[in-house]
Amino acid sequence: MTSPAHPERERIARYEPTEIEPRWQARWDEHGMHRTDLDDPSRPKYYLLTMYPYPSGDLHIGHWYVNTPTDARARFLRMNGYNVFFPIGFDAFGLPAENAAIKKGIHPSEWTLKNIENMRRQLRSMGATFDWDAEVVTCTPEYYRWNQWIFLRLLEAGLAYRKMAAVDWCPKCVVVLAREQVEGVDRVCWRCSTPVVKRDLEQWFFRTTHYADELLDHSGLDWPEPVRVMQTNWIGRSEGAEVVFRTAAEPHHAGGEELRVFTTRPDTLYGATFMVLAPEHPLVPALTAPDRRAEVEAYVAATRRASEIDRLSTDREKSGVALGAHAINPVNGERIPIWIADYVLATYGTGAIMAVPAHDERDFAFAVRFGLPIRRVISGPGVADDAPLTEAWIAKSAEDRLVASGPYTGLPSPEGFRRIVADLAARGDGAASVTYRLRDWLVSRQRAWGTPIPVVYCEAQPSCGIVPVPDDQLPVRLPDDFRYRPEGGNPLETTESFLRTTCPGCGGAGRRETDTMDTFVDSSWYWWRYLTPHKTDGPIDTALESRWCSVDQYTGGAEHAVMHLLYSRFFCKALADLGVVREREPFRRLFNQGQILGADGERMSKSRGNVQDPDELVSRYGADTVRLFLMFMGPWDQGGPWSPTGIDGVHRFLRRVWTILLDPHGREAGDAGGPESEDPAAAGLALRRAAHRTLAAVSQDHEGFRWNTIVAKLMELTNLLMRHRGTPVAGTPAWDEATGLLLVMLAPLAPHIAEELWSRRLAEAGTPWRSIHTEPWPAADPALLVADEIDLPVQVNGKLRDVVRIAPGTPEAEVEAAALASAKIRANLEGMTVVKVIHVGGRLVNIVARPAG
RNA sequence: GCCGGAGUGGCGGAAUCGGCAGACGCGACGGUCUCAAACACCGUUGGCCGCAAGGUCGUGAGGGUUCGAUCCCCUCCUCCGGCACCA
């Protein structure tokens with residue numbers, strides 16, 4: 001590297017990020033620069049939240065992709081005068097720790113805490129401004145105690161309750177399986193390949209449906225439209241009616257049982273030609289005729305092996321079985337057969353539908369498959385009332401009207417809807433009703449590595465039943481000594497020290513609940529805990545919550561668009577109603593960054609072996625280069641497969657900045673004659689203009705998280721400075737202004753190199769050190785943003801033919817005259833007649849012309 | 001399958017109130033420096049035709065609206081995220 005032939009380049013030290021970066025990180029720590037004074041009233045607050053990571057063991061490049069741009073925003077906002085709170089923590093309960101524990105025979109807590117230790121170190125190497133004093137680790141009793149406290153409050157409020165629900169069960173491992181543990185189309189256990197079965201268990205739920213309508217309301221939230229749409233569809237509000245059918249008497253069944261169906265189209269009630277129950281519907285056994293029993297039971301068993309995604313696939317051929325029973329249509333007394341089919345879900349509506357094949361696609365497919373009657377009861381304008389149907393007729397127009405519907409025949413469809421519902425309601429055979437696709441949140445997990453659900457089953461005689469653990473006995477701690485047994489099962493069920501307790505009600509024998517909570521519970525309120533992570537007399541400091549919430553900006557992956565964000569919104573509303581917090585919405589503004597995939601285009605995971613280790617890149621290029629490269633790769637919301645191609649370009653850019661700042665007068669061997677001939681004053685003005693244009697654009701790009709274009713613009717400015725290096729412009733006040741702005745603009749993105757060069761600049765000027773990260777973000781000078789001439793494209797029939805140079809504000813007529821005067825344009829208009837001239841002010845002129853004659 | 005998103009040079013991407021497609025970077029090619037190489041710096045770089053001037057095609061495919069479409073509408077293809085026990 002030291003060639004005597006290059007004396008110029010030896011004047012400055014080489015850019016050595018591995019030397020610079022740890023030095024500044026230590027200095028920032030010493031100065032406590034990133035500890036937020038939550039009580040500072042002098043500056044406006046800004047709560048910047050990034051989704052906390054799962055401590056999987058090693059940081060991969062995806063963590064950098066998620067966190068370093070957010071850190072750039074934190075730094076940018078501080079320079080803009082905000083008191084920024086930017087905390088970090090660990091989402092520390094979950095399945096991988098249990099898997100590791102089973103594999104290595106260690107306690108999941110040991111595995112988790114070790115991972116956290118390593119990840120803290122790696123996170124620090126980003127040079128991110130996390131406030132580590134606020135750190136939260138959800139697997140600590142200090143944290144999960146308050147999960148339990150919140151659970152108890154929800155229980156008291158009737159927002160937590162128990163009911164039966166089906167789980168996927170591996171009979172061989174004797175465990176409940178997560179969805180990702182059920183593999184393949186034949187749905188077998190990931191460990192032992194045993195076919196998975198459904199098992200019904202009594203489980204705990206949170207009543208998210210209580211807030212369904214409020215959750216549909218996203219007003220006042222600055223969230224990406226796709227997320228709002230996905231949540232709206234997920235909640236899936238449907239307005240319709242419940243209609244009460246009754247079962248008919250059969251040799252095997254007395255009849256008269258109520259069968260409630262939910263329908264969004266009560267106006268098609270006369271078209272119901274059969275009824276379909278979910279195979280899990282409680283009346284199925286009673287309704288099944290003896291000669292159908294074998295077939296029905298086989299079908300129910302088969303359904304319980306299928307996933308919901310398969311069941312709802314419209315791609316698949318419809319399947320089902322008739323029960324050999326009938327229902328009576330309340331409007332016309334008609335007997336229609338009752339079937340079961342897996343496309344009807346027990347968890348939606350009433351678990352039963354009236355099938356109107358003429359006007360529902362799924363029912364149509366089912367009727368065709370099984371030869372069931374299809375009866376048109378809605379027709380449109382210009383269509384015969386009995387026109388045959390080749391597909392379901394779904395609300396073709398506002399003028400649709402009822403046909404073959406008894407007294408309702410001829411009514412417009414909406415009117416028929418209202419009248420039929422009103423008449424059913426008057427007779428007690430139905431009522432208008434709203435159903436949601438959203439289900440209550442099943443929070444029970446049959447796992448050992450999670451928050452114990454704080455209830456006790458009293459085993460005294462007489463029994464107190466299910467007794468909540470009193471607040472003063474919280475936390476219910478996980479045992480330190482549980483063992484995963486080779487024969488499987490939830491270890492909590494066999495850990496006597498945990499299991500055996502006394503009933504808080506009567507003091508008699510009691511058994512602890514062994515279900516733990518879904519880890520989404522942890523992540524549904526962690527941002528409040530960041531404000532006071534060690535508070536012991538409650539989960540949340542209300543005064544700080546009032547002051548700091550809602551979160552001003554939340555950033556995280558789009559994979560959380562629905563569940564995590566919806567659960568968090570549910571928690572916020574429930575806790576607001578309980579008086580624990582004041583705000584009803586947790587996150588005012590949301591941004592979804594994309595995901596970095598492995599080089600193979602698949603999600604990065606250890607098992608796939610496609611994980612990119614950032615440490616390696618950091619030691620080779622430095623954190624600043626890695627940060628900048630991730631921001632430069634493309635739009636932040638896009639993500640994409642990992643490829644290091646191009647990281648050298650970003651590194652070269654930083655080296656050029658280094659060279660420009662430390663050696664402004666140097667020349668490189670390959671430099672051309674250079675712009676010495678240029679007028680230095682004019683060049684200086686051009687430089688200032690470029691710097692201020694860059695500043696204006698960069699400031700704007702920050703608001704939209706457009707890191708890639710910020711970096712590109714800084715590169716352009718740098719290229720311009722490079723051209724003036726070694727010319728009389730270098731070292732002038734214009735040069736100093738431009739290089740100063742460059743450093744300030746670079747500071748949020750590449751904080752170490754900016755700080756280093758800034759400190760040298762201050763030292764050279766004899767000014768005492770002040771961190772560049774406390775510099776105020778400058779405002780662009782509007783006078784320098786206006787160009788003194790514009791190159792205006794001129795088109796003929798939409799094709800670019802010439803460019804004319806005009807002064808801004810030139811009157812339209814003059815611009816058009818100039819365009820028409822151009823020799824190239826005249827040549828293109830040869831033999832043509834100008835039809836019209838379209839002039840988009842300051843943007844372009846388009847001359848529309850036709851062949852003459 | 002359903003819901004949501006994305007397809008632009010050899011590669012990552014830029015430009016969307018409908019107005020110069022390809023900014024910036026990688027790679028490649030040529031040059032300066034060097035005994036040489038590396039580094040650094042300067043220049044060229046969408047395809048096709050042309051010595052050039054210039055022309056022409058071109059933003060996943062096909063159609064439409066418009067003076068003008070990467071951008072709006074319709075149909076289709078591919079990939080990514082989610083689908084309720086991964087986080």
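Keep in mind that the numbers below use all heavy atoms, side chains included, and drop hydrogens, waters and symmetry copies. Note on naming: letters A, B, ... go to the chains in the order of the sequence lines (proteins, then strands), and numbering restarts at 1 for each one.
For C3(B), its base never sits under 3.5 Å from the side chain of N233(A) at any donor and acceptor pair. Judged by distance alone with a 3.5 Å cut-off, a donor-acceptor contact links the side chain of Q446(A) to the base of C85(B). Judged by distance alone, with hydrogens and angles left aside, E98(A) brings no side-chain donor or acceptor close enough to the base of C86(B) to form a pair under 3.5 Å.
For G25(B), the O4'-C1' to base torsion is more than 90° from 0; the nucleotide is therefore anti.
Among the protein residues, P635(A) comes within range of the sugar-phosphate backbone only, with heavy atoms under 4.0 Å from sugar or phosphate atoms but none that close to a base. Within the 4.0 angstrom heavy-atom criterion, base atoms lie near H560(A). Contact annotation for S444(A): base contact, defined as any heavy-atom pair under 4.0 Å involving a base atom. Contacts of W441(A) with the nucleic acid, taken as non-hydrogen atoms under 4.0 Å apart, are absent.
Below 30°, between 30° and 60°, or above 60°: for Y15(A) and W658(A) the angle between ring planes is between 30° and 60°, a tilted geometry. Taking the six-membered ring where tryptophan is involved, the planes of H60(A) and H63(A) are tilted, since the angle between them lies from 30° to 60°. Between W441(A) and F570(A), the ring-plane angle classifies as perpendicular under the 30° and 60° cut-offs.
Regarding contacts with the backbone of A87(B), a side-chain N or O of T519(A) is found under 4.0 angstrom from either OP1 or OP2. Remark: R179(A) is in phosphate contact with A84(B), judged by side-chain N or O atoms under 4.0 Å from OP1 or OP2. Considering only side-chain N and O atoms, N99(A) lies nowhere under 4.0 angstrom from the phosphate OP1 or OP2 of C86(B). Regarding contacts with the backbone of G82(B), a side-chain N or O of R603(A) is found under 4.0 angstrom from either OP1 or OP2. For the pair Q638(A) and G13(B), the criterion of a side-chain N or O lying under 4.0 Å from OP1 or OP2 is met. Distances shorter than 4.0 Å separate some side-chain N or O of R445(A) from OP1 or OP2 on C85(B). OP1 or OP2 of A14(B) has at least one side-chain nitrogen or oxygen of N708(A) nearer than 4.0 Å. Taking only side-chain nitrogens and oxygens, R652(A) comes nearer than 4.0 Å to OP1 or OP2 of C26(B). OP1 and OP2 of C85(B) both lie 4.0 Å or more from every side-chain N or O belonging to R447(A). For the OP1/OP2 pair of G55(B) and a distance below 4.0 Å, the side-chain nitrogens and oxygens of R801(A) include at least one atom meeting the criterion. For K824(A) and G54(B), the shortest distance from a side-chain N or O to OP1 or OP2 is below 4.0 Å. The shortest distance between the side-chain N/O atoms of K836(A) and the OP1/OP2 oxygens of U66(B) is not below 4.0 Å.
Minimum atom distance to the side chain of P793(A) is reached by C20(B), of the listed G1(B), C20(B), A87(B). Listed nucleotides: G19(B), C85(B), A84(B). Nearest to the side chain of E308(A): A84(B).
Across the interface with RNA chain B, nearest-nucleotide mapping of G649(A) and N797(A) shows G649(A) to be the residue nearer the 5′ end.
Applying the Watson-Crick and G-U wobble criteria (two distances, each under 3.5 Å), U34(B) pairs with nothing in any strand. With a cut-off of 3.5 Å on both pairing distances, the Watson-Crick or G-U wobble partner of C83(B) is G1(B). As the counterpart of C26(B), G10(B) is assigned, both hydrogen-bonding distances of the Watson-Crick or G-U wobble pattern falling under 3.5 Å. In a base pair of the Watson-Crick type (N1 to N3 plus N6-O4 or O6-N4) or a G-U wobble (N1-O2 and O6-N3), with each distance short of 3.5 Å, C48(B) is matched with G55(B).
Looking at R179(A), R187(A), Q181(A) one by one, the single match for side-chain hydrogen bond (donor to acceptor under 3.5 Å, both in side chains) with D168(A) turns out to be R187(A).
With a 6.0 Å cutoff to the six-membered ring centre and a 45° limit on the axis angle, R228(A) does not count as a cation-pi contact of W223(A).
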